[in-house]
Amino acid sequence: MIRTFRIHEENAAQEFGMACQRLVPWAGQGEEPPFGAMACFLPAGARSAPDCHDQDEVMITLGGRGTVGVGDESAAIDAGTVLVIPRNQTHVVHNSGESNLSWVSMYWPLHEPGTGGEK
């Protein structure tokens, strides 16, 4: 069965100090996948809440521009940027642009080791 849905801020809920739309797993999905994915939307001038988890993460920037601070480092991001965040590193996203910054984050394993809970 083919399942489709749109990445859009209207489908997001407030998490991590920004709007996040859970993509994987999705409602009604059968067996739990080994990874999770979510779309994130950050307004101009805003910062995400600091986040740190025992999961690796890859961010793919969809639109806008900003910076991501990971530990003591930071990197500029804009549409098309792929950024890797190693597990157990505190990270914060800052939207330095004049429009929404949006990206998709994929993380694995789905649940943090030892917690059974989602990212």
Side-chain angles (χ1 to χ4, degrees):
M1 173 192 327
I2 296 173
R3 179 174 302 263
T4 66
F5 45 91
R6 291 252 178 236
I7 293 174
H8 197 279
E9 191 170 2
E10 290 176 351
N11 300 323
Q14 287 297 308
E15 295 185 67
F16 311 106
M18 61 192 157
C20 297
Q21 177 187 357
R22 297 286 174 160
L23 304 173
V24 178
W26 56 82
Q29 183 175 8
E31 185 177 331
E32 203 170 68
F35 70 97
M38 66 179 144
C40 302
F41 308 90
L42 191 61
R47 287 184 187 273
S48 68
D51 192 19
C52 186
H53 40 79
D54 194 10
Q55 296 154 301
D56 292 303
E57 183 173 349
V58 171
M59 291 175 61
I60 302 171
T61 311
L62 302 175
R65 64 184 175 86
T67 58
V68 180
V70 180
D72 294 333
E73 298 180 71
S74 67
I77 58 171
D78 61 5
T81 302
V82 178
L83 185 123
V84 177
I85 302 171
R87 61 184 59 213
N88 299 313
Q89 295 291 311
T90 300
H91 48 283
V92 175
V93 181
H94 175 247
N95 182 343
S96 57
E98 296 179 7
S99 61
N100 265 4
L101 174 61
S102 59
W103 67 93
V104 170
S105 278
M106 295 172 285
Y107 54 91
W108 63 93
L110 177 60
H111 302 290
E112 286 193 72
T115 66
E118 278 193 37
K119 174 182 183 316

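These numbers come from the heavy atoms of this one structure, side chains and all, not from hydrogens, waters or symmetry mates.
- For the atom pair S96 OG and L101 CG, the distance stands at 8.0 Å (nearest 0.5 Å).
- For D78, the side chain to side chain donor-acceptor pair (under 3.5 Å) partners are T81, not counting sequence neighbours.
- With hydrogens and angles disregarded, no donor-acceptor distance shorter than 3.5 Å links the side chain of N95 to the backbone of A46.
- Hydrophobic clustering (side-chain heavy atoms under 4.5 Å, transitive across Ile, Leu, Val, Met, Phe, Trp, Tyr) groups W108 together with I60.
- Among residues at least two apart or in separate chains, salt bridge (charged side-chain N to carboxylate O under 4.0 Å, His left out) pairs with a member in residues 84-103 are D54-R87, D56-R87.
- Side-chain contact between V93 and W103 is present, with heavy atoms from C-beta onward closer than 4.5 Å.
- Within the structure, the salt bridge (charged side-chain N to carboxylate O under 4.0 Å, His left out) test picks out no pair touching residues 33-48 (sequence neighbours left out).
- Atom-to-atom distance recorded for F5:CZ and R22:CZ is 12.5 Å, nearest 0.5 angstrom.
- Scanning both residues, T90 and C52, for their nearest heavy atoms gives OG1-CB, 3.7 Å.
- Once rounded to the nearest 0.5 Å, the distance linking CD1 of I85 with CD of E57 reads 4.0 Å.
- Note on residues 2-13: pairs passing side chain to side chain donor-acceptor pair (under 3.5 Å), not counting sequence neighbours, are E9-N100.
- To the nearest 0.5 angstrom, H53 atom NE2 is 7.0 Å from F16 atom CZ.
- Contact between A37 and M106 at its shortest, heavy atoms only, is CB-CG, 3.9 Å.
- Between G97 and A44, the closest heavy-atom pair is O-CB, 3.3 Å.
- A39 pairs by the side chain to side chain contact (heavy atoms under 4.5 Å, CB included) definition with I7, Q21, L23, F41, V104, not counting sequence neighbours.
- Partners of Q89 according to the side chain to side chain donor-acceptor pair (under 3.5 Å) rule, which considers only residues two or more places apart in sequence or in another chain, do not exist here.
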Taking distance alone, no hydrogens or angles, what donor-acceptor pairs closer than 3.5 Å link side-chain atoms of residues 66-77 to residues at least two apart or in another chain?
none

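- Counting only distance, with no hydrogens or angles, the side chain of Q55 and the backbone of L110 share a donor-acceptor pair below 3.5 Å.
- Listed by chain and number, the residues in a side chain to side chain donor-acceptor pair (under 3.5 Å) with S99 amount to none (sequence neighbours excluded).
- Partners of A79 by side chain to side chain contact (heavy atoms under 4.5 Å, CB included), not counting sequence neighbours: none found.
- Under the side chain to side chain contact (heavy atoms under 4.5 Å, CB included) criterion, V84 pairs with V58, not counting sequence neighbours.
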